[in-house]
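Accompanying notes for the structure given below.
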Amino acid sequence: MPSPSIVWFRDDLRLADNPALRAAIDRGEPIIGLYVLDEESPGIRPLGGAARWWLNGSLASLAERLAERGGALVLRRGPADRVVREAVTDAAAGAVFWNRRYGGPERAVDAGLKAVLRDAGVEVASFAASLLFEPWTVTTGAGTPYAVFSPFWRACQSLPAPRAPLPEPREIAGARHPIDSDRLDDWELLPHEPDWAGGLRETWEPGEPAARRRLREFLNNDLGHYARARDEPAAGATSLLSPRLRWGEVSPHQVWHEGVATGRAGKFLSELGWREFAWHTLFHSPDLATQNLRREFDAFPWPRLRPSALEAWRRGHTGIALVDAGMRELWVTGYMHNRVRMVTASFLIKNLLIDWRLGEQWFWDTLVDADAANNPFNWQWVAGSGADAAPYFRIFNPDLQAKKFDPDGHYVRQWAPEHLSDDPPPPIVDLRESRQAALAAYDVVKRAARG
DNA sequence: AATTATTTGTC
DNA sequence: ACAAATAAT
């Protein structure tokens, strides 16, 4: 009797460089791919709307690719500890393989399952696949997590190089007797009434093949301009790999090794280092999305929330050109250029004095690339409450940023053209006065930390 | 991964 | 008068 292997796919929706899938193939028994939509396990953050849209496309692609090679993807919904055990029983599986997750609630689920399944005599193995370096292997001399990026990344680069990517399997022997699967459509991951995903469909093609094409294209054609033009939102000079890395359609190992092979990807690879830093920080501080990493920021005197100001920011009607352009790019495409993310976040926190957590939640719901580490990490970086954060007095002037990085107004014209008309909308806040108010608020933190 | 105010330099 | 360097936040 065969005892099938279950490959539990999570944030690794790919066939190439997938150590869990490789282990299942090497085991030699029939393989069942499993994806669990878990909106119930305690502490696991439900996906945002844009993320659900991406997941739908990426799962459809993965299912098709597995089927082409003789395998299958089973979809099930519910708390993972129960659902995975049920799948093991239904399939009479002898082994379960997965690639590791690094968020607190996810690790708790995985550790519990590993223990229960092993007790039941099921072989279980987990693998490193979503980060270049395991978080517990990168610490300061004192054994504490790094709090500053440069020494963190230096330390990473002094470790043994990340392993080479695994090749894509040609054949995947599926189980003879398939087990029940939900239908992807029944999960209703796609928006309807209203269908707001038109801009996402025009902008993105989820799935591993498109992800690999984009990586090749970026490294072959765009790397030469990257260092110079990466900060210009209209230049199209960035990799656009963030959602692909978020969903694991490409692995950081593939990006790393193909990047190193070009011999000129240092600046770009350091961005991969920031991704790594964010995840390591989440590993050590699982409540990154809710708690100030620097607890002295708990003293920050957020004024009473003005809901109309928050809503104006969300919808891109602040009367500040670059902010409005960015917020609308986000709303339409599920993405925003990195520099503009910093500007819009700084504006929310430092000009509107709205708690970074509210901005983080909006990005969580609207970005196709938001993950549990990078989104809160970078919001805290801008707020000044995070790891290696911008000093509190580093307040962006969004108009000056537009002059510097969108001097010809191409980006503003694409997303918020009324700002270039004869009758541009008025700003909802005075940049100069609100800057002074923010400095005063940060001064409270400084005093509280001292006194 | 900054901005603004002030001082110094150059014509 | 204006640019460039520097200091302060």
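Every chain is numbered from 1, with letters handed out A, B, ... down the list of sequences.
Across A:L269 and A:G259, no two heavy atoms sit closer than the pair CD1-C, 4.3 Å. For A:F9 against A:L13, the heavy-atom pair with the smallest separation is CB-CD2, 4.1 Å.
Note on A:Q436: nothing from the nucleic acid sits closer than 4.0 angstrom, heavy atoms only. Nucleic acid contact class of A:K267 (heavy atoms, under 4.0 Å, all strands): sugar-phosphate only. Backbone-only contact: A:K404 has heavy atoms under 4.0 Å from sugar-phosphate atoms and none from a base.
Distances shown here put a side-chain N or O of A:R432 below 4.0 Å from the OP1 or OP2 atom of B:dA5.
Donor-acceptor pairing under 3.5 Å is lacking for the side chains of A:S434 and A:K350. Inspection of the A:H419 and A:D324 side chains reveals an N or O donor paired with an N or O acceptor under 3.5 Å. For the residue pair A:T144/A:T140, the side-chain donor-acceptor check at 3.5 Å is satisfied. Looking at A:T238 and A:R230, their side chains never bring a donor and an acceptor atom within 3.5 Å of each other. Side-chain contact, A:T290 with A:D287: no donor N or O sits under 3.5 Å from an acceptor N or O.
Partner A:E168 forms a salt bridge (Lys or Arg N to Asp or Glu O under 4.0 Å) with one of A:R22, A:R14, A:R69 and no other, that one being A:R69.
For the pair A:R246 and A:W54, the cation-pi test (distance below 6.0 Å, angle within 45°) is failed. A cation-pi arrangement is not found for A:R314 relative to A:W331, the charged atom failing to lie both closer than 6.0 Å to the ring centre and inside a 45° cone about the ring normal.
Separating the CG atom of A:L322 from the P atom of B:dA2 is a distance of 13 Å, rounded to the nearest angstrom.
Note on ring orientation: taking the six-membered ring where Trp is involved, the planes of A:W302 and A:F300 are tilted (angle from 30° to 60°).
Contacts of residues 370-402 of chain A with DNA chain B (heavy atom under 4.0 Å): A:W381, A:F393, A:R394, A:I395, A:F396, A:N397, A:L400, A:Q401. Of the residues in residues 338-356 of chain A, those placing a heavy atom less than 4.0 Å from an atom of DNA chain B are A:N338, A:R339, A:M342, in numerical order.
When base pairs are accepted only as Watson-Crick or G-U wobble with both N-N or N-O distances under 3.5 Å, DNA chain C takes part in stems of 3 or more pairs at B:2-10 with C:1-9.
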